[in-house]
Trainee: 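Below is the structure I would like to discuss, written out as structure tokens.
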Number of protein chains: 2
Amino acid sequence: MSDQPTIADPESWSCPLPLRDTERIVLGHGGGGVLSEELIENLFVPAFGGRSGAARDSVSLAVDAGRIAFTTDSYVVQPLFFPGGSIGELAVNGTVNDLACSGAMPLALSAGFILEEGLELLVLGRVAQTMGAAARKAGVRIETGDTKVVERGSADQLFINTSGIGVIPDGVDVHPERIHPGDHVIVSGPVGEHGVAILSVREGIDFGSTVETDSAALCFLVQDALAAGDVHALRDPTRGGVVAAVTELARGAGVGIELDESAIPVPEAVASACGFLGLDPLQIANEGKMIAVVAPEHSDAVVAAMRARPEGAGATVIGRAVDDHHGMVVGRTAFGTTRVIERDLGEQLPRIC
Amino acid sequence: MSDQPTIADPESWSCPLPLRDTERIVLGHGGGGVLSEELIENLFVPAFGGRSGAARDSVSLAVDAGRIAFTTDSYVVQPLFFPGGSIGELAVNGTVNDLACSGAMPLALSAGFILEEGLELLVLGRVAQTMGAAARKAGVRIETGDTKVVERGSADQLFINTSGIGVIPDGVDVHPERIHPGDHVIVSGPVGEHGVAILSVREGIDFGSTVETDSAALCFLVQDALAAGDVHALRDPTRGGVVAAVTELARGAGVGIELDESAIPVPEAVASACGFLGLDPLQIANEGKMIAVVAPEHSDAVVAAMRARPEGAGATVIGRAVDDHHGMVVGRTAFGTTRVIERDLGEQLPRIC
């Protein structure tokens, strides 16, 4: 059995807790009154790094004329803390990465919390701190927020929604419609780690070595890739994994995509965990990987640019767009045969993000 | 006992249900695979009125140079349907109104759903339809979305997060910091209806006549008010009611605010319900009202502009900013005496929005 990751030592907690002699969330923390204000001022503001963080109902942002990207995601992962990360990092990185898939650099994030009555403030504080740290790493701020509390038993500890606004630089145009037959499909690194990390701790299975989540913000990686060559489309292979992401690209573009299965990097621990559990590593969620579809003549340059960053160190070409079996993904096996790769109906692992 | 409002007749449901022989949400609807796609295509897209609704991970929006407002709110109200409305309208109007408080016209909304396994698709469909209808009424579209599903017992039917982007027109500048002593405080109509509507149906109490939620989008009302005179600050009196909203304004401005209690319009049914239950109508949530703080010489014109719209028909001056007891709200009673009005610690009624 692997060790359950624990919440960081209470000693590291720097906020003035307990608030009003309670160490737990009460319904009044979601009431919009004095308790709500105390929670914002004493817990969220310090964790998010200053006044502008989540203390306001809305924020006003100056923008230049151009295009902005807008996205939203809710996070319900269990457990809240797992090897290499927590729901807090996921909530920031996942939304930053959705913006990055539009070619955008993040401008502002929002954070909406739904808390279960009785949640320990220490747990919420740790989650908020990981959000603040992840946002700083991605170069963005949590600018506005909201907190609701529901009765004990009406939610599972805490859920987070983050929405994000990003700025799409002039000249950037990434859309599945831009994919042409012949384009190369690149993955930014080894796949399957996030899903296996969650599964290992949730089920208490020891796969020999600890697999950690790959959760990371990919906005800088994407900007470097865009600067290096003509990137036609981007997709982050989260729920449903590489297969879901590539299928969406194929369908959006009206092309087929052929994956060279032996070229897809799968860490040994992920492969053995998937073998043990009967899961397909290509359908397992990642939280720090990007699929890029690139003009073939620019593929080497984009791979090189990705490899120059730690979060893209394992970047490699894994397939190409073809003018055949439109909207479908086909795998070429090590033996040279092909098979149609279909998405799962649902998700192999619920509440993975 | 009042009648529980029922979900509209299934006959009025126009989406191709059941999806895959299920009439209920299953975990796979949140998995990002085929079931997720079917839910989006067959339920959300028709309800939100066309392809661009919530079918995309992110949306790209053209903006002019200037200021945009960004806001988020989660909605956990119970029951999901209540006299005059549902969680769906609240989720749209509440976020539109937060944008309106910045002086902004809505540009785009996002919708993030957290669904409990086993939720009836019919219920989700009705909620989505009310969201689509409310968005059309407010002149905005739900442009991007996300759906997660948690196990039975891990959430209470459904929670919605909506985030919104709005455009703040040039020259508009509404902030508590602009409030000066002497400014008039205007409310756009009678208060307390939303909270009492929820309470009556939740507790099954018959107050003689049915009180309906006042849920409404206030973006057009606000634009008309801004055009009519110098509006210094705006706040929607939702959770915590008029008292919380006015207290926030007083604290943000560093002024005192004196309310003429007898001038605040409280419908008779709200007053009698509050009397019966020992609640203060000034601390009860509204979902279609606005507090505006206005230069005194423009107060008549702003009230007249508000009254010209149905959602502002009951607009009236209820108080003024004073250079005394800074950050506090004081009520002047019908007898001419004054009392300090303090916010509740939490909220009189949990899960009101």
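Values below: every heavy atom of this structure, side chains too, minus hydrogens, waters and symmetry copies.
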Trainee: At a heavy-atom distance under 4.5 Å, which candidate from Gln157(B), Arg251(B), Glu342(B) has the highest pair count against chain A?
Mentor: Arg251(B)
Trainee: Checking heavy atoms, do the side chain of Leu109(A), its backbone, both or neither come under 4.5 Å from chain B?
Mentor: backbone
Trainee: Who are the side chain to side chain donor-acceptor pair (under 3.5 Å) partners of Ser74(A), not counting sequence neighbours?
Mentor: Asn161(A)
Trainee: Measure distances from Leu61(A) to the heavy atoms of chain B and classify the residue's part below 4.5 Å as side chain, backbone, both or neither.
Mentor: both
Trainee: Within residues 90-105 of chain B, which residues come under 4.5 Å of chain A, heavy atom to heavy atom?
Mentor: Asp98(B), Ser102(B)
Trainee: Between atom CZ of Arg239(B) and atom CD of Gln283(B), what is the distance when rounded to the nearest 0.5 Å?
Mentor: 14.5 Å
Trainee: Where does Glu37(A) contact chain B at under 4.5 Å (heavy atoms): side chain, backbone, both or neither?
Mentor: side chain
Trainee: For the interface with chain B, which of Gln78(A), Glu116(A), Arg235(A), Glu151(A) has the highest count of heavy-atom pairs at distances below 4.5 Å?
Mentor: Glu151(A)
Trainee: Could you tell me which of Gly166(B), Ala244(B), Gly66(B) has the largest number of non-hydrogen atom pairs under 4.5 Å with chain A?
Mentor: Gly66(B)
Trainee: Indicate yes or no: does Arg343(B) engage Glu248(B) in a salt bridge with an N to O separation below 4.0 Å.
Mentor: no
Trainee: Given that the side chain runs from C-beta out, which part of Thr147(A) has a heavy atom under 4.5 Å from chain B: side chain, backbone, both or neither?
Mentor: backbone
Trainee: So which of Ala155(A), Cys353(A), Ala69(A) has the biggest tally of heavy-atom pairs under 4.5 Å with chain B?
Mentor: Ala155(A)
Trainee: Taking side chain as everything from C-beta outward and backbone as N, CA, C, O, which of these in Val26(B) sits under 4.5 Å from a heavy atom of chain A? Side chain, backbone, both or neither.
Mentor: neither
Trainee: Side chain from CB out, backbone as N, CA, C, O: work out which of these in Ile68(A) comes under 4.5 Å of a heavy atom of chain B, or both, or neither.
Mentor: both
Trainee: Taking every non-hydrogen pair under 4.5 Å, which of Val76(A), Thr162(A), Ile165(A), Asp236(A) racks up the most with chain B?
Mentor: Ile165(A)
Trainee: Could you tell me which portion of Val243(A) (side chain, backbone, both or neither) has an atom closer than 4.5 angstrom to a non-hydrogen atom of chain B?
Mentor: neither
Trainee: Between Gly112(B), Gly164(B), Ser163(B), which residue shows the highest count of heavy-atom pairs closer than 4.5 Å to chain A?
Mentor: Ser163(B)
Trainee: In terms of heavy-atom pairs under 4.5 Å with chain A, which of Ala62(B), Ser36(B), Ala108(B), Ser58(B) leads?
Mentor: Ser58(B)
